[in-house]
Amino acid sequence: MSDLLKNPIFKDEAKAREWLEARVWPEGPTCPHCGNADKAKIKALEGKAHRPGLYQCAECREQFTVTVKTVFERSKIPLTKWLGALFLMTCSKKGISALQVHRMLGVSYKSTWFMMHRLREAMRTGGFEPLGGKGKVVEADETYFGKAETMHVSKTRRGRPYTKKGHYMNNRPILALIERGGNVRSFHIAVADQVTVSGIVNENVARESHLHTDESKLYSRNMMDVRRHKRVKHTAGEYVRGDVTTNTVESYFSIFKRGMRGTYQHCAEKHLHRYLAEFDFRHNNRIALGVNDTMRAENLAQGIVGKRLTYRRTNEARI
């Protein structure tokens, strides 16, 4: 990591801009306003009257830089600082606190906090193909992290006591689906009930998959649209039966909770979905899948496009 930070992109604005352009525009500049990618119709504006990295599109006559319509847009923070934060977040397995990044980069704490939320927004993905497939195993499990600001109780639970120690009705439920040896997809849900859980599973898991869960009643066999559904009975001390286990998804939850409690310590419920996106991104771009630290940072740089995030939106509650 120390050798990585010696890279000139963290000290020279021109080098930082060239690095980002090469990742965002691998085929050359593309107009973010109209989508024009014809090199003959895009002109680099040079001279003292124009800021470095400015282009003009002959199709729509609009001017743009590589940061337009990205999470970096309209930021007065130097691009070298942005890339420093980007690499620090992608190289830390359990995350890195905003206070630590603030100390390392010399950016105010408030700005650093906002920068990191913008980068988490860039880590957010969606619209992928369903997890699993023919002969593949998908593990599903739920956990609870922190106290919810708003109490959500399903109709079936209303008025009934909770039997699990420490699982209060106003905890924040998190559902994770993980393809064994592949990617993970996690969700912060308002209520953990059969209808919500089965809907997410059926939408995100291929029908030909083998689904492995614990004995929780949330995973009703009649509501899971998969080829085969197998369970392990944790209450009886069973954690592995042949290849049937939920150890992979529980390992993901372990890293998530260690990072949230040990590194971030506090997270408002309205921001929980972005922290989940951060841990999902690092898991889906890990060494075991052939993605090293540099490649992970490059993947994140490509994800900044089309995800504008303002300070006002960052502070809005999302349920």
Side-chain angles (χ1 to χ4, degrees), residues 1-39 41-47 50-57 60 62-92 96 98 101-102 104-108 111-125 274 277-278 281-282 284-285 291-311 313-314:
M1 182 64 190
S2 58
D3 292 336
L4 193 62
L5 290 177
K6 293 178 182 178
N7 194 310
I9 66 173
F10 304 117
K11 298 178 181 179
D12 188 327
E13 282 293 305
K15 295 290 184 183
R17 188 180 64 254
E18 290 170 5
W19 184 91
L20 189 62
E21 288 180 353
R23 273 73 193 171
V24 175
W25 299 329
E27 304 298 329
T30 301
C31 178
H33 302 289
C34 66
N36 173 39
D38 188 349
K39 295 180 181 179
K41 295 184 179 181
I42 294 179
K43 179 184 178 182
L45 301 178
E46 300 175 351
H50 305 290
R51 63 187 184 275
L54 187 65
Y55 296 85
Q56 185 169 36
C57 175
C60 62
E62 294 285 347
Q63 296 181 356
F64 62 91
T65 66
V66 69
T67 61
V68 171
K69 298 203 174 175
T70 72
V71 296
F72 296 168
E73 186 173 1
R74 294 188 179 182
S75 173
K76 295 183 179 179
I77 298 171
L79 203 52
T80 52
K81 304 293 186 182
W82 273 108
L83 297 190
L86 184 149
F87 272 81
L88 287 170
M89 288 186 70
T90 54
C91 293
S92 307
I96 184 169
V101 177
H102 146 71
M104 295 178 72
L105 298 183
V107 180
S108 72
S111 296
T112 303
W113 180 88
F114 182 39
M115 287 171 67
M116 294 180 72
H117 271 298
R118 281 190 172 187
L119 291 171
R120 290 185 186 104
E121 183 70 9
M123 292 176 179
R124 179 180 54 81
T125 54
R274 292 199 179 96
E278 177 185 351
F281 176 85
R282 280 197 294 263
N284 298 340
N285 293 272
V291 182
N292 59 29
D293 289 347
T294 302
M295 295 166 64
R296 194 178 306 115
E298 291 175 345
N299 291 345
L300 177 54
Q302 293 171 358
I304 68 172
V305 180
K307 296 176 183 175
R308 183 85 172 92
L309 183 67
T310 63
Y311 186 80
R313 265 193 64 204
T314 308

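Source: prediction; values computed, not measured.
When the side-chain hydrogen bond (donor to acceptor under 3.5 Å, both in side chains) test is applied to Asn299, the partners found at least two apart in sequence or on another chain are Asn285. Residues meeting the salt bridge (charged side-chain N to carboxylate O under 4.0 Å, His left out) test with Lys69, sequence neighbours left out: none.
For Val291 against Arg296, the heavy-atom pair with the smallest separation is O-NH2, 3.4 Å. Between Ala37 and Thr30, the shortest heavy-atom contact is CB-OG1, 3.8 Å.
No side-chain donor-acceptor contact under 3.5 Å links His102 to the backbone of Thr112. Arg282 places a side-chain N or O within 3.5 Å of a backbone atom of Met89 that can act as its donor or acceptor partner. A donor-acceptor contact shorter than 3.5 Å links the side chain of Lys307 to the backbone of Ala122.
Legend: salt bridge (charged side-chain N to carboxylate O under 4.0 Å, His left out) pairs involving residues 71-88, not counting sequence neighbours, sorted by first then second residue: Glu73-Arg308.
With contacts defined as side-chain heavy-atom distances shorter than 4.5 Å, the pair Trp82/Leu119 qualifies. A 4.5 Å side-chain heavy-atom check between Val101 and Met116 finds at least one atom pair inside the cut-off. Between Leu20 and Ile304, some side-chain heavy-atom pair lies under the 4.5 Å cut-off. Looking at heavy atoms from C-beta onward, His33 lies in side-chain contact with Val68 at the 4.5 angstrom threshold. Contact of the Thr90 side chain with the Asp293 side chain is not registered, since no non-hydrogen atoms from C-beta on lie closer than 4.5 Å. Contact check for Asn36 versus Cys60: no side-chain heavy atoms found under the 4.5 Å cut-off. Looking at heavy atoms from C-beta onward, Met115 lies in side-chain contact with Val107 at the 4.5 angstrom threshold.
With values rounded to the nearest 0.5 angstrom, Ile77 atom CD1 is found 10.5 Å from Thr80 atom OG1. Between the CG atom in Leu54 and the CZ atom in Phe64 there is a gap of 8.5 Å [rounded to 0.5 Å]. The OG1 atom of Thr125 lies 6.5 Å from the CG atom of Asn284; values are rounded to the nearest 0.5 Å. Remark: Asp38 CG to Cys57 SG distance equals 9.0 Å, nearest 0.5 Å. Between the SG atom in Cys31 and the CD atom in Glu62 there is a gap of 7.0 Å [rounded to 0.5 Å].
Ion pair Glu13/Arg17 not flagged as a salt bridge, since none of the NZ, NE, NH1 or NH2 atoms sits closer than 4.0 Å to an Asp/Glu carboxylate oxygen. Using a 4.0 Å cut-off between charged nitrogen and carboxylate oxygen, Arg23 and Glu298 count as a salt-bridge pair. Using a cut-off of 4.0 Å between Lys/Arg side-chain N and Asp/Glu carboxylate O, Arg118 and Glu121 are scored as not salt-bridged.
With ring centers used as reference points, Tyr55 lies under 6.0 Å from Trp25. For Trp19 and Phe87, the distance between ring centers is under 6.0 angstrom.
Side-chain contact of Thr70 with Thr67: a donor-acceptor pair under 3.5 Å is absent, judged by distance alone.
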> Taking it one step at a time, do Leu300 and Met123 satisfy side-chain contact (heavy atoms from CB on, under 4.5 Å)?
Replying inline: CA-CA 6 Å; Leu300 177 54; Met123 292 176 179; 3.5 Å; yes
